[in-house]
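Below, read A as the first sequence line, B as the second, and so on, with proteins coming before strands; counting in each chain starts at 1.
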Amino acid sequence: MEPAKDSSLPYYLRDLNSVQLKAVYHYQGPLLVVAGAGSGKTRVLTRRIVHLIKHYKVEPKKIMAVTFTNKATNEMYSRVVSLLGEIGKLVHISTFHSAGLTILRRHAHLLGYPKNFAVYDEKDSYSVLKATLAELNIDQKKYTPKYFYSIISYQKNECITPSDASSKKHPSYISLIVSQVYSRYQEKLFKSGAMDFGDLQLNWWLLFKKHKDLLERYQEFFEHILVDEFQDTNKIQYELVKMLTAKKRNLMVVGDEDQSIYSFRGARVTHILDFEKDFPDATVIKLEQNYRSTKRILRAAHSVISPSPFRRPKKLWTAHKEGEKIRLFGASTEVSEAQFLVETVKSLVKEKGYKYQDIAVFYRTNWQSQILEEMLNKEGIPYTIRGAVKFYARKEIKDTLSYLRILVNPFDKESFARAVQSPPRGIGNKTLNQIYLAAEQFNGNLLKGARYLADNCGKTKVKEFLKIIEELESLIGKVAFDELIKQVLLKSGYLERLKEIAKHDPVVFSKVENLEELRIAAYRASQDTVITKEHLQHFLDKAALTIEEDEKEEAEAEKTKGTFKKKGVCLMTLHLAKGLEFPVVFLTGAEEGLLPHANSEEKVELLEEERRLCYVGITRAQELLYITWSEDRSFRNKGSRYIYHKRSRFLEHLPEEDIEDLSEEGSSLTEELYPDVYNSQRNNFSPLSKKKNSSFSKDLVLKVADQIECKYSKECEKFPPLARDEVEEGIKVLHKVMGKGVIKTVKEKSDSDLHLEVQFENFTMPKLLSFKYAELRKI
DNA sequence: CAGCAGCGACTTTTT
DNA sequence: GTCGCTGCTG
Ligand SMILES: Nc1ncnc2c1ncn2[C@@H]1O[C@H](COP(=O)(O)OP(=O)(O)OP(=O)(O)O)[C@@H](O)[C@H]1O
C-alpha cells in the first residue's frame, strides 16, 4: 500500500496509508477497526484523536480513550502527548478501572459511599471474604476465599449484582451459597466504605443505571469515545461504553481477535462480532499491512497462529525486508537459558549497536523473571521490570499505607485492623472487636469508636494508638509527603520494630529498602509541596491501581521518540507486552508446561488462548527475535523432582528456512540416562541462591533505616549546593533523601532544567532526577 | 495478647 | 523453600 506522502498534509496525517487515513478521517458514528498485529491500530486511534482536535476542533477533554492495561494506556498516552504536546494531556486517556475510579470519586455519595472510599486490592478482599465465610459458617477448607473472589469478580464483570445473583429461579446449592456470600461480602465492603476492583466497574455501571440524569450529563460531555485493545473488553466494560455513547454514537473500537488474551477475566472476543450487530451502521475498516516486523518474523507469527481451529483467517503482509533468521535456543536448565540471554544481550549491545532499552524479555509467569533478574544483575546489565511482585502489595508497604488509609477513610476496617496490629502493640482481636462494636454508634467510624472505648473503658493501649493517628493527622497540610511517610514509620514504631528484628534476622533488609523506596515515591509525588488529603487520596488511588508513579511524566521526557521506553532491558509478562514493540525480543520459557501453561492444557479454549499469547509475544519484535526454552526448570511446589519439558508445541510449524537453532549440545537423552550427574551439575550452576543474609548485614539495615530518618538532610547542610555549571558526569553528589551518589549521565531537557541520572550507593538501579528539584550538594 | 511451631499454599495471566 | 495464617501456649 502506498503511503500518503503528500507533504501538504499536516504532520499527524503523514505516514499513514490510504486505509489508515480513511479511519483517521472518520468523523462521527460508530467505527470498528479490526486488524492484525503491527498494522497500525494504535497509530490510527491516536492520530484520529489528533485529527478530531486539530481539524474538527473537538475539545480535548471531551475525548475519552480507554483500554484495559496500564501499559497499553501509557502507550496511547505517550503517543498522543508526543503528537499534541500539552494539549494532549487534556484528553482523558486511562484504563477502564481508572476511569471508573475517577467518576466514582466524584459521585460515589449517590450510591451511599463516602467520598474517600477505599479501593481494596485482592488481599484486602480475601480478608473481607474470610470474615464473611466465618460469619456464614462456611467451611473455608472446602470453599476458599479465593474461590469466592474469583466467582464474585466474574459476576461483577458480567454486570451481575448481589440481588441479581440471589434472584435466580432455580439456584443450585452452590450458587445459593455464592449469592449469600456475595451479598454479605458486598455489605461488608459497603460498611467499610470500600470498593474492590470489580466495583470500580460495577458501581460505575450502577451509578449510571440509577441516575439517568448523571448519565445524560456524561453522554453529553464526551463527544468521542475510543477503545483500544477492544478484544480485551469484558461485558461490563462494553456495556459502559455503549451507555456512554448511546446519544452521540461516536464510538471507535480497535482490536484484533488473535490477540485476545484476557478471557480469564471475562473478556470476550465475540464483542468484536457483537459490535457489528449492535451498531449495524458501523464503518468497518480492516488493516492488512504490517509496519512493524520483518518478513521472517511475520511468517513465524503466522505459523503459530494459523493452526488455531476457531480462527477467521486474516491477511497480514509487510513490505519490510526478510530480516534475520529467528534464533532458537533450547537450554538444559533455566540457568543456562538465562546465561544465553545475558550473553546475547551483551553482544547485541557491544557489537550490533543496540541499546539496552531496545531489548525486551518476555515470559509467561511473573516468577520466571527472578532468575533472569539475578543474572542481569550479576552482569551489571540495566533493566526495568514491572509488576513482578507488585510493590504496593508487599506487606511492609501495605502496613505503612494502612495508616494513611485510615486518615483518609476512618471506616476502612481492613486498614484499621492492619494499622492497629503493625507493629503489635497490645491490642488484639478482642479489643478490635470491641472497637468495631463501639464504632456502630458512630456510623461505623472506627476512629470514633476507638476514641469512645479509650475514653470510657480506660483502654490505654487504644489511647496510645489514637495519639499516633492524631499526630499524623495533624501533619496533613503541614509537611511534605515523604516527611509524612517517615513520621508514620517513626511514630507507629514500625521502623523500630524492624530494627529490632534485624538484630537476629537480617532478612528484613529488603523490607527496609522497600520502605525507603516508598518514601522516595512519596517524595517524587509531591516534591516539596505540602501534602493535602486530596494528594494523599490521589497517591493511594494510584497505588491501588498499580499505576507506577511518574510513568506518565517520564513518557513525556522522551516525547521526541514518540514511543516511550524506559532505561534498560525491559522485562515483562507476555500479557503486559501487548500493544508494545521492540527492535529485539526474547521470548523465554517457550516450553510445554509454561507456554502453554500446564493449567491450560486441558481445555481447548484455554490452550488456544495460550497460542495467542505466544503470537502476541512474537509479533512484538521488529527486527530480531530469539525464542528460548529450558528443558528443566525447578518448580518449587513440585518438590525437587525435575520434570523435563519439551519445546513448546506452538513452535512446531515455524518455517524451517526462517530459523536458526542454537540449542545446547546434550539433550534429554543425557538427562534421562544420568540424572544424578545432571542434577549435581545443576547445583554447581546456581551461585545465585538468595543467601543475601551474609552480605546484607544488620549494619546495612540500620544504614537504610537511618536514611529513612533523614540523616542525609543534616549532612547536606555541610556541603555547598551544586551549581548548574558544575554538573558533570562522574562527579560525586549528595541528595537529601537518597544519600551519596555519582552522576552517571546528564541529559539536557530544556533551558530551565537538566535531567540527571544518578547512581546512589544504596540502590542498585540508577535514579532519574530533575536538577531543578533535586537540590544536590557537591561532595 | 504475643510468640512460636506447624501447616498449607504458592507459580497463570490483570485491574 | 518460603510466606503467611492458624491455633496453641505462656
Ligand atoms: N503507515 C505507516 N507508515 C509507517 N509506519 C507505520 C505505519 N502504520 C503503522 N506504522 C508503524 O507500525 C508499528 C505498529 O503500529 P501500532 O503499534 O499502531 O500497531 P497495532 O496495530 O496497534 O499493533 P498491535 O495490535 O500489535 O499492538 C508502529 O511502529 C507504527 O509506527
Rounded to the nearest Å, what distance is computed from the [atom1] atom of residue [X] to the [atom2] atom of nucleotide [N]?
X	N	atom1	atom2	answer
Tyr262(A)	dT15(B)	OH	C1'	9 Å
Gln259(A)	dT13(B)	CD	C1'	15 Å
Tyr154(A)	dT13(B)	OH	P	20 Å
Lys461(A)	dA2(B)	NZ	C1'	11 Å
Leu613(A)	dT12(B)	CG	C1'	9 Å
Tyr363(A)	dT12(B)	OH	P	16 Å
Trp367(A)	dT14(B)	CH2	C1'	19 Å
Tyr392(A)	dT14(B)	OH	C1'	18 Å

Please tell me if [X] has a side-chain N or O lying less than 4.0 Å from either OP1 or OP2 of [N].
X	N	value
Asn366(A)	dT11(B)	no
Ser98(A)	dT15(B)	no
Thr546(A)	dT15(B)	yes
Arg497(A)	dA2(B)	no

Please classify the nucleic acid contact of [X] as base, sugar-phosphate, or nothing, using heavy-atom distances under 4.0 Å.
X	value
Phe96(A)	nothing
Glu122(A)	base
Thr431(A)	sugar-phosphate
Ile427(A)	sugar-phosphate
Lys578(A)	nothing
Arg612(A)	nothing
Asn429(A)	sugar-phosphate

Open item on the list: Using side-chain contact (heavy atoms from CB on, under 4.5 Å), reason through Phe96(A) and Leu200(A) one step at a time and then give a plain yes or no.
Closed with: CA-CA 9 Å; Phe96(A) 277 103; Leu200(A) 296 180; over 6 Å; no

Task: Qualifying salt bridge (Lys or Arg N to Asp or Glu O under 4.0 Å) pairs, either residue in residues 94-107 of chain A, two or more places apart - done: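 Salt bridge (Lys or Arg N to Asp or Glu O under 4.0 Å) check on residues 94-107 of chain A returns Arg105(A)-Asp541(A).
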
Open item on the list: Show every salt bridge (Lys or Arg N to Asp or Glu O under 4.0 Å) that has at least one partner inside residues 414-430 of chain A, sequence neighbours left out.
Closed with: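 Applying salt bridge (Lys or Arg N to Asp or Glu O under 4.0 Å) to every pair that reaches into residues 414-430 of chain A, excluding sequence neighbours, yields Asp399(A)-Arg418(A).
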
Open item on the list: Both Pro424(A) and Thr365(A) contact DNA chain B. Taking the nearest nucleotide for each, which residue is further toward the 5' end?
Closed with: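 Looking at DNA chain B, the more 5' nearest nucleotide goes with Pro424(A).
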
Open item on the list: Go nucleotide by nucleotide along DNA chain B from the 5' end; which of Gly426(A) and Ile261(A) gets its closest nucleotide reached first?
Closed with: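 Its nearest nucleotide being more 5', the pick is Gly426(A).
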
TODO: Apply side chain to side chain contact (heavy atoms under 4.5 Å, CB included) to Asn137(A) and list each qualifying residue two or more places apart in sequence or on a separate chain.
DONE: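 Partners of Asn137(A) under the side chain to side chain contact (heavy atoms under 4.5 Å, CB included) test: none.
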
Open item on the list: Can you tell me if His575(A) is stacked onto the base of dT13(B), using a 5.5 Å centroid cut-off and an angle below 30°?
Closed with: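 Not stacked: fails the 5.5 Å / 30° test.
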
TODO: Kindly state whether the pair Phe264(A) / dT12(B) counts as stacked, where counting means centroids closer than 5.5 Å and planes tilted less than 30° apart.
DONE: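 Whether judged by distance or by angle, Phe264(A) falls short somewhere, so it does not stack on the base of dT12(B).
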
Open item on the list: Show the nearest heavy-atom pair for residues Ser600(A) and Glu610(A), with the distance to one decimal.
Closed with: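 That would be OG-OE2, 3.1 Å.
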
Open item on the list: Could you tell me how far dT2(C) sits from dT13(B) if I compare only their C1' atoms? Round to whole Å.
Closed with: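 Straight-line distance between the two C1' atoms is 22 Å.
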
Task: Which residues share a ring-ring contact (aromatic ring centres under 6.0 Å, His included) with His597(A), sequence neighbours left out - done: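 Residues passing ring-ring contact (aromatic ring centres under 6.0 Å, His included) with His597(A): none at all.
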
- [ ] Report the nucleotide, chosen from dT15(B), dT12(B), dC1(B), that has the shortest atom-to-atom distance to any side-chain atom of His597(A).
- [x]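 Nearest nucleotide to the side chain: dT12(B).
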
- [ ] Consider the side chain of Arg265(A), meaning its heavy atoms from C-beta on, and name the nucleotide among dT15(B), dT14(B), dT11(B) that approaches it most closely.
- [x]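 For Arg265(A), the side-chain atoms sit closest to dT14(B).
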
Between N or O atoms, less than 3.5 Å apart, protein on one side and nucleotides 4-10 of chain C on the other: list the pairs.
{"unit_1": "dC5(C)", "atom_1": "O3'", "unit_2": "Lys130(A)", "atom_2": "NZ", "d": "3.2"}
{"unit_1": "dT6(C)", "atom_1": "OP1", "unit_2": "Lys130(A)", "atom_2": "NZ", "d": "3.2"}

- [ ] Flag the pair Tyr615(A) / Phe650(A) as yes when their ring centroid distance falls below 6.0 Å, and as no otherwise.
- [x]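 No, the ring of Tyr615(A) stays outside the 6.0 Å limit from the ring of Phe650(A), centre to centre.
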
Open item on the list: Here's one to test your reading of the geometry: is the NZ or CZ of Lys242(A) within 45 degrees of the ring axis of Tyr238(A) and under 6.0 Å from its centre?
Closed with: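 So Lys242(A) does make the cation-pi contact.
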
Scan the side chains in residues 147-157 of chain A for donor-acceptor partners under 3.5 Å anywhere in the protein, sequence neighbours excluded, and list what turns up.
{"unit_1": "Ser150(A)", "atom_1": "OG", "unit_2": "Tyr147(A)", "atom_2": "O", "d": "2.9"}
{"unit_1": "Ser153(A)", "atom_1": "OG", "unit_2": "Tyr149(A)", "atom_2": "O", "d": "2.8"}
{"unit_1": "Tyr154(A)", "atom_1": "OH", "unit_2": "Arg268(A)", "atom_2": "NH2", "d": "3.3"}
{"unit_1": "Lys156(A)", "atom_1": "NZ", "unit_2": "Gln186(A)", "atom_2": "OE1", "d": "3.0"}
{"unit_1": "Lys156(A)", "atom_1": "NZ", "unit_2": "Asp196(A)", "atom_2": "OD1", "d": "3.0"}
{"unit_1": "Lys156(A)", "atom_1": "NZ", "unit_2": "Asp196(A)", "atom_2": "OD2", "d": "2.8"}
{"unit_1": "Lys156(A)", "atom_1": "NZ", "unit_2": "Asp199(A)", "atom_2": "OD1", "d": "2.7"}
{"unit_1": "Lys156(A)", "atom_1": "NZ", "unit_2": "Asp199(A)", "atom_2": "OD2", "d": "3.4"}
{"unit_1": "Asn157(A)", "atom_1": "OD1", "unit_2": "Asn234(A)", "atom_2": "ND2", "d": "3.3"}
{"unit_1": "Asn157(A)", "atom_1": "ND2", "unit_2": "Ser153(A)", "atom_2": "O", "d": "3.4"}
{"unit_1": "Asn157(A)", "atom_1": "ND2", "unit_2": "Arg265(A)", "atom_2": "O", "d": "2.9"}

